[in-house]
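All values below were derived from every heavy atom in this structure, side-chain atoms included, with hydrogens, water molecules and symmetry-related copies excluded.
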Amino acid sequence: MDIRNVAIIAHVDHGKTTLVDQMLRQTGVFRSNQKVVDCVMDSNDIERERGITILAKNTSIVYKDTKINIIDTPGHADFGGEVERVLKMADGVLLLVDSFEGPKPQTKFVLRKALSYNLQPLVLVNKIDKTDARPHEVLDEIFDLFLELGANDKQLDFPVLYASGRDGYAKREIDHPRTNLVPLFDAILEKIPPPVGDAAGTFQMLVSNIDYNDYVGRIAIGRIFRGTARVGQPMSVLRADGRIEQARIEALYVFENLKRVEAVSAPAGEIAAIAGVPDVNINDTLTSPDGQERIPPVAVEEPTISMVFAVNDSPLSGRSGRYLTSRHLRERLLRELRSNLALRVEEIGMVDALKVSGRGLLHLSILIENMRREGYELQVAKPQVIYREAPEGRLEPIEYVTVDVPEGYSGKVIELLGARKGTVATMQNHAGTVHFEFYAPARGLIGLRSKILSATRGEAIMYHSFYQYEAYRGDIPTRRSGVQISMAAGTVTAYALFELEDRGQFFVSPGDDVYEGMVLGEHCKDRDIVVNATRRKALNNFRASTAENTVVLAAPRVFSLEEALEYVDDDEWVEVTPSHIRLRKKMLSATDRKRHERAQEEAEETART
């Protein structure tokens, strides 16, 4: 059977997974009476809840006796490591671009990677059924992007189709009738080259993904670059760290539609899954027993954001989690390293804490969310950008930021980005919507999304991706308001919150358990304040205990995990458990905090004198 290996790449929410749904439907993968959920490739619970693709996945379809292996990739810049590690399995890429939004930051990132691997692109201008679609202008922008990224002449001669992934049609010209996705399938067969590899040569495969099965253990997924894989065949495992081990192919699978099916053999060019290496890792090379030739590993860009993960030592720890110790935390993070190429875990000289680095806040928050759902309890510190030292001075990561906002709010966007050392690159007006492009420090974007949404009443659309390291741009104002800190442990009462309501907004509700040092809310002034939210109304002959039930309180502010990570300050932790997300001070005792502040002031005074 002829084979095509194609990766679908695009910016977030430009329709990759929806298009894959239609490709599966129109090639007979599903029965006519089968009930199928939308975005069937997004099988992860978090992916379904958030409506984004987080992990790259494989599927396949058969069209005209040709097997098309499809690699669905994430669209968010923070998960660029997923894109980088799977592009080596492809011979071409299907680039989706929204017919109104045009190329976005992640479009530029994934296209640069695809062009660097010399993959043949096929461009699909998607969502042409939009009332505000501008496909011809978007096509010009795509061509300009190819030129900017240094595409060669063959890559610049890319075929173009116009489509609506949701409605399941594609066409060669914008004025052609709407039918189905046959023009897309034909274009893949015509323009995407078949895989190159000698099926009669010595076996060689690069591990690009890892899966697990209770019966066979760890499964290595990757493309066979040379030779043929057969069940029972002995092989050498060339580790990424230089070690060489011997193993045997215990089980072999290939992808058919949405399933992995067992196979006796798989030829060069096929994407296969192999069981038989208990501790196989991404970037390992599987080869014949006498083979010593390694396939170059996937080059992954370095992280730009780091956080400290520590054992949860709050007074409320252990109430809802199962994995509480430093051993559990360390084992889980080291296990994540096996499949998450863009992640880094470092020791920081503390028994109960580790430094974890990633591509961005969302990259790390998804890891934390997965851990809490698995039953882990932990506490994490404020995200910090990763600086570099150079002869000319300190360098910091700069992000390429795009913001689309109604014209009336453009001044607010410029003001907010300007305060965080952002510089305007371009500004364009499309039918009352202003499109901004900024270059801003990564540290200035922490907590910015919520402020822009508040300033524009939720109408702004903001995306960003890593651009490059540049000279340090100076100090950026951090959180301006103080917080209200609990002075006692106990249960929050409505009476106490009502008496404190004029101090600011609260993050807790009556009935919540609190402890000394826990952050209860935001203070209306720029300094922290210690309060008692557990105080009860004194009972006497004139007051009944039921009088407290008539108190009406403002709704508390409930943080999502990302919002909590953006809000937390340098001297605070975000406490994460399976059931709660809390903010707390690193030093729970008010006396300890005052003593520490006094010591810092004395040290600064000594340094000045």
Side-chain angles (χ1 to χ4, degrees), residues 1-7 56-71 85-92 117-120 188-189 192-213 215-240 244-298:
M1 181 178 289
D2 199 5
I3 295 175
R4 298 292 188 276
N5 297 321
V6 58
K57 305 175 191 69
N58 296 79
T59 186
S60 73
I61 58 176
V62 177
Y63 176 74
K64 290 184 178 179
D65 294 329
T66 299
K67 181 178 182 181
I68 303 176
N69 285 314
I70 300 172
I71 308 165
R85 70 176 173 80
V86 298
L87 283 182
K88 274 216 169 185
M89 293 194 286
D91 296 291
Y117 287 128
N118 201 31
L119 300 179
Q120 180 60 40
I188 291 175
L189 266 56
I192 302 298
V196 177
D198 181 11
T202 56
F203 168 65
Q204 190 182 48
M205 170 180 149
L206 178 68
V207 180
S208 299
N209 202 353
I210 297 292
D211 202 352
Y212 183 82
N213 183 289
Y215 299 100
V216 298
R218 288 173 72 82
I219 299 174
I221 301 173
R223 172 179 168 175
I224 300 174
F225 284 86
R226 190 176 62 210
T228 301
R230 295 181 176 86
V231 176
Q233 169 182 317
M235 60 180 176
S236 291
V237 183
L238 309 183
R239 300 292 190 183
I244 300 177
E245 300 175 5
Q246 300 301 313
R248 183 179 299 274
I249 299 179
E250 303 291 347
L252 177 65
Y253 308 88
V254 295
F255 293 90
E256 286 188 9
N257 303 329
L258 293 172
K259 300 178 294 183
R260 273 201 311 260
V261 298
E262 288 197 50
V264 176
S265 64
E270 179 67 279
I271 296 176
I274 293 176
V277 186
D279 55 348
V280 66
N281 290 314
I282 292 175
N283 277 337
D284 287 348
T285 298
L286 307 183
T287 184
S288 299
D290 56 346
Q292 300 294 317
E293 183 183 353
R294 299 176 188 273
I295 300 176
V298 177

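Once rounded to the nearest 0.5 Å, the distance linking OG of Ser236 with CD of Glu293 reads 13.0 Å. Separating the CZ atom in Arg4 from the CD1 atom in Ile70 is a distance of 13.5 Å, to the nearest 0.5 Å. The CG atom of Asn58 sits 5.0 Å away from atom CD1 of Ile271, with the distance rounded to the nearest 0.5 Å. Taken from OG1 in Thr228 to CZ in Phe203, the straight-line distance is 9.5 Å, to the nearest 0.5 Å. In this structure, CD1 on Ile219 lies 10.5 Å from CG on Leu252, to the nearest 0.5 angstrom. With values rounded to the nearest 0.5 angstrom, Ile71 atom CD1 is found 7.5 Å from Asn69 atom CG.
For the pair Arg294 and Ile244, the minimum side-chain heavy-atom distance is below 4.5 Å. Counting heavy atoms from C-beta on, the side chains of Asn5 and Met89 never come closer than 4.5 Å. Between Asp91 and Arg223, the closest side-chain pair of non-hydrogen atoms falls below 4.5 Å. Taking the side chain as every heavy atom from C-beta outward, Ile282 and Asp284 never approach each other to under 4.5 Å. The side-chain heavy atoms of Gln246 and Pro234, taken from C-beta on, include no pair separated by under 4.5 Å.
In plain terms, the two heavy atoms of Ala220 and Leu286 that are nearest each other are CB-CD1, 4.3 Å. The two atoms that bring Phe255 and Lys67 nearest to each other are O-NZ, 2.8 Å, heavy atoms only. Across all non-hydrogen atoms, the minimal contact from Val280 to Arg239 is CA-NH1, 3.5 Å. Between Ile3 and Gly269, the shortest heavy-atom contact is CG2-O, 3.9 Å. For the residue pair Leu206 and Pro296, the shortest heavy atom distance occurs at CD2-O, 4.1 Å. The nearest pair of heavy atoms linking Ile274 to Ala229 is CD1-CB, 4.3 Å.
Shown here are the side chain to side chain donor-acceptor pair (under 3.5 Å) partners of Ser265, two or more places apart in sequence or in another chain: there are none.
Under the 3.5 Å distance criterion, the side-chain polar atoms of Arg226 are left unmatched by any main-chain donor or acceptor of Gly201. With hydrogens and angles disregarded, a donor-acceptor distance shorter than 3.5 Å links the side chain of Thr285 to the backbone of Ile295. Judged purely by atom type and a 3.5 angstrom limit, Glu270 has no side-chain atom pairing as donor or acceptor with the backbone of Pro267.
Note on residues 255-265: pairs passing salt bridge (charged side-chain N to carboxylate O under 4.0 Å, His left out), not counting sequence neighbours, are Asp211-Arg260.
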